[in-house]
2 protein chains.
Amino acid sequence: MGITERRIREKERKRSTMLDAAESILIEKGLDHLSMEYVAEIAEVSKGSLYQYFQNKNDLVLGICYRATQLLNNSFKEVLESNRNGLMLVRELGERYLNYVKDHPQYYSSMKFLDNLHSSGVGGESDYLELCTKNRQEGFRLMVEAIQRGIDDGSIKNDFPAEQLALLFWSTSHGVVTISYMHQNYEHFKLLERIGMQENELFNAYMHILGCGIAADT
Amino acid sequence: MGITERRIREKERKRSTMLDAAESILIEKGLDHLSMEYVAEIAEVSKGSLYQYFQNKNDLVLGICYRATQLLNNSFKEVLESNRNGLMLVRELGERYLNYVKDHPQYYSSMKFLDNLHSSGVGGESDYLELCTKNRQEGFRLMVEAIQRGIDDGSIKNDFPAEQLALLFWSTSHGVVTISYMHQNYEHFKLLERIGMQENELFNAYMHILGCGIAADT
DNA sequence: CCAATAAATGAACGCGAGTCAATAAATGAC
DNA sequence: GTCATTTATTGACTCGCGTTCATTTATTGG
């Protein structure tokens, strides 16, 4: 009975096409101009068809967000395959995060979208929501792992449990990366210019400060 | 000619009433349920009237955001009136920021709204936008001042210029505060619980790490 | 009391998300 | 090949909401 399997594959392929369309709009026009009508037009299907593949607009955007989290996690996993010390891994994770935002601003914007969703108690109306959340947790887990390795190999102080340091690293780097994102994508955001700072300077300063806080005394 | 002045006062009073209505909705129902219709109903005016006082919905929300930035800045200014050393001031600023988000989540959400605006190149269609931006800059300036004082009084290392440290402090604390906000306002955000961490622990850890990075060696 | 000006109103418009009854296509049994 | 049945596709429709505007109402200055 290969027919149902083929059907499922077909369906996945179509879903993927639709996501491609949505993604291209996201890149070219931004989230504000991503309408179901427009996606349907680009994907060359009817609006109604979209709703056979996505439960609603949120679900579609989270479909992109799912790709986004996958890509970021894969990048993180690569880092952890290295056998450098934990502190270096942490630094590398930060760098990857920064480059990710630079290379895929549309993916990052979809992740911001995910963050903003949780407010209105949006729950069971998107299958992708759960997948995205899972991926987020996985990403966090990778950070924990890097830090734990650092604690184990003695490159990172053990003042705090690895999870707590990871949360700190996650939240603060998120803040720094957000600045970087704004700098690159918001025309009127001139803070870096105003204080005469380069993006990489910001990142290096961040890593320096963070390093002072978490690096073990050698 | 006191009549035009009275008129202007009246107009300001009415605008304020409308903002009050919008704010109460924001508190009780959140940004998602803040519609012009609803605001009109609560403020007991017609929908059309709102547009005599606000250029559009964004403008109205930014009106709230203006109040939000005012309040935060006032809190910051209080801190700077103290004559403790700069490092203590910085810590106090962070604490104020955290408490602000705890006490006025609706104001914080309006500031997130401001952040999300800059994307779609929304420019001259809101008078409040400029005011909010001004206030933001003022808030940042206060941070710079605290740090500069710290550098001057020797409590903060002078590895970096005050502006750069301020940007670092601003962005990283923003990240930490965001976690705190999510923890309090997003029902499904369980990260802190999952790693068994309290909010104040997060803050203290943040300040500890930051302190290691910026505090002068004594 | 009467223009003239300003403020307030709500019906009407446009846009976009989501629905659904009708239509078309694919499948499997005979 | 034919036909009943299940599955996929369509676009007209509803509905909510931001925004506009012609009309009505209130206020001012003469």
Side-chain angles (χ1 to χ4, degrees), chain A residues 1-18 21-22 25-26 29-64 113 116-117 120 122-129, chain B residues 1-19 21-22 25-26 29-64 113 116-117 120 122 124-129:
Chain A
M1 193 44 91
I3 280 182
T4 32
E5 283 165 25
R6 178 176 61 79
R7 275 225 159 134
I8 290 173
R9 264 205 322 279
E10 275 285 299
K11 194 149 182 167
E12 266 330 297
R13 203 184 48 75
K14 271 216 153 183
R15 198 200 300 272
S16 189
T17 306
M18 290 168 173
I25 293 172
L26 194 60
K29 312 275 169 116
L31 244 175
D32 303 327
H33 295 90
L34 193 154
S35 71
M36 293 303 263
E37 209 120 13
Y38 197 5
V39 173
E41 188 193 323
I42 301 295
E44 293 176 308
V45 293
S46 74
K47 189 163 48 147
S49 266
L50 288 181
Y51 285 89
Q52 190 122 19
Y53 294 86
F54 302 94
Q55 294 158 281
N56 47 46
K57 191 183 170 182
N58 282 352
D59 194 40
L60 190 152
V61 178
L62 291 180
I64 299 176
F113 180 82
N116 287 328
L117 264 193
S120 37
V122 207
E125 60 213 15
S126 166
D127 293 337
Y128 277 116
L129 181 58
Chain B
M1 194 44 92
I3 280 183
T4 32
E5 281 163 25
R6 179 176 61 79
R7 273 223 157 136
I8 290 173
R9 264 203 323 277
E10 275 285 297
K11 194 148 182 170
E12 266 330 298
R13 204 185 47 74
K14 272 216 150 181
R15 198 200 299 272
S16 189
T17 307
M18 290 167 173
L19 279 176
I25 294 172
L26 194 60
K29 312 275 169 111
L31 242 174
D32 302 327
H33 295 91
L34 192 154
S35 70
M36 293 304 262
E37 207 120 15
Y38 197 5
V39 173
E41 187 193 324
I42 301 295
E44 293 175 309
V45 293
S46 74
K47 195 163 41 148
S49 266
L50 289 180
Y51 285 89
Q52 191 123 22
Y53 295 86
F54 301 95
Q55 295 159 281
N56 47 47
K57 191 184 170 183
N58 282 352
D59 193 40
L60 191 152
V61 178
L62 291 181
I64 299 176
F113 180 81
N116 286 328
L117 265 193
S120 37
V122 206
E125 58 213 18
S126 166
D127 292 338
Y128 278 115
L129 181 57

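For clarity, every value in this text was computed on a predicted model and none was experimentally measured. These values consider heavy atoms only, across backbone and side chains, with no hydrogens, waters or symmetry-generated copies. Protein chains get the first letters and strands the later ones, always in sequence-line order, with residue 1 at the start of each.
- At C:dA7, none of the side-chain N or O atoms of B:Lys14 fall inside 4.0 Å of OP1 or OP2 (strictly under the cut-off).
- The distance between atom CG of B:Leu60 and atom P of D:dT19, rounded to the nearest whole Å, is 10 Å.
- Atoms CD (A:Glu10) and P (D:dT9) sit 9 Å apart, rounded to a whole Å.
- Here D:dT19 presents its P atom at 16 Å from CD of B:Gln52, a figure rounded to the nearest Å.
- Rounded to whole Å, the distance from CE on A:Met18 to P on D:dA8 is 12 Å.
- Partners of B:Ser16 by side-chain hydrogen bond (donor to acceptor under 3.5 Å, both in side chains), not counting sequence neighbours, listed by chain and number: B:Arg67.
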Could I get a table of every N or O pair under 3.5 Å where one atom is in the protein and the other is in nucleotides 21-25 of chain D?
none

*Decide side chain to side chain contact (heavy atoms under 4.5 Å, CB included) for B:Met36 and B:Leu60; before the verdict, give the C-alpha distance in whole Å, the side-chain angles of both, and the deciding distance to 0.1 Å.*
CA-CA 9 Å; B:Met36 293 304 262; B:Leu60 191 152; 4.1 Å; yes

*Does the pair B:Asn116 and A:Asn116 meet the rule for a side chain to side chain contact (heavy atoms under 4.5 Å, CB included), with working shown?*
CA-CA 10 Å; B:Asn116 286 328; A:Asn116 287 328; 3.4 Å; yes

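- Residues from residues 35-46 of chain B with heavy atoms under 4.0 angstrom of DNA chain D, sorted by number: B:Ser35, B:Met36.
- Across the protein-nucleic acid pair, A:Glu125 atom CD and C:dT19 atom C1' stand 16 Å apart, rounded to whole Å.
- Between the side chain of A:Asn56 and the backbone N or O of A:Glu125, at least one donor-acceptor pair lies under 3.5 Å.
- B:Lys29 meets the side-chain hydrogen bond (donor to acceptor under 3.5 Å, both in side chains) test with B:Tyr38; sequence neighbours excluded.
- For A:Glu12, the salt bridge (charged side-chain N to carboxylate O under 4.0 Å, His left out) partners at least two apart in sequence or on another chain are A:Arg15.
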Donor-acceptor pairs under 3.5 angstrom involving side-chain atoms of residues 44-51 of chain B: please list them, not counting sequence neighbours.
unit_1: B:Ser46; atom_1: OG; unit_2: B:Ser49; atom_2: N; d: 3.3

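- Looking at every heavy atom in both residues, B:Leu34 comes nearest to B:Ala22 through CD1-O, 3.5 Å.
- One can place CZ of A:Arg15 at 14 Å from C1' of D:dA8, the figure rounded to the nearest angstrom.
- Nucleotide D:dG16 holds its C1' atom 14 Å from the NZ atom of A:Lys57, rounded to whole Å.
- The residue among A:Lys47 and A:Tyr53 whose nearest nucleotide of DNA chain D lies closer to the 5′ end is A:Tyr53.
- What separates CG of B:Asp59 from P of D:dT20 is a distance of 12 Å, to the nearest Å.
- When heavy atoms are screened at a 4.0 angstrom cut-off, A:Leu34 is found touching the sugar-phosphate backbone but no base atom.
- Atom OG of B:Ser126 and atom CG of B:Leu62 lie 4.5 Å apart (nearest 0.5 Å).
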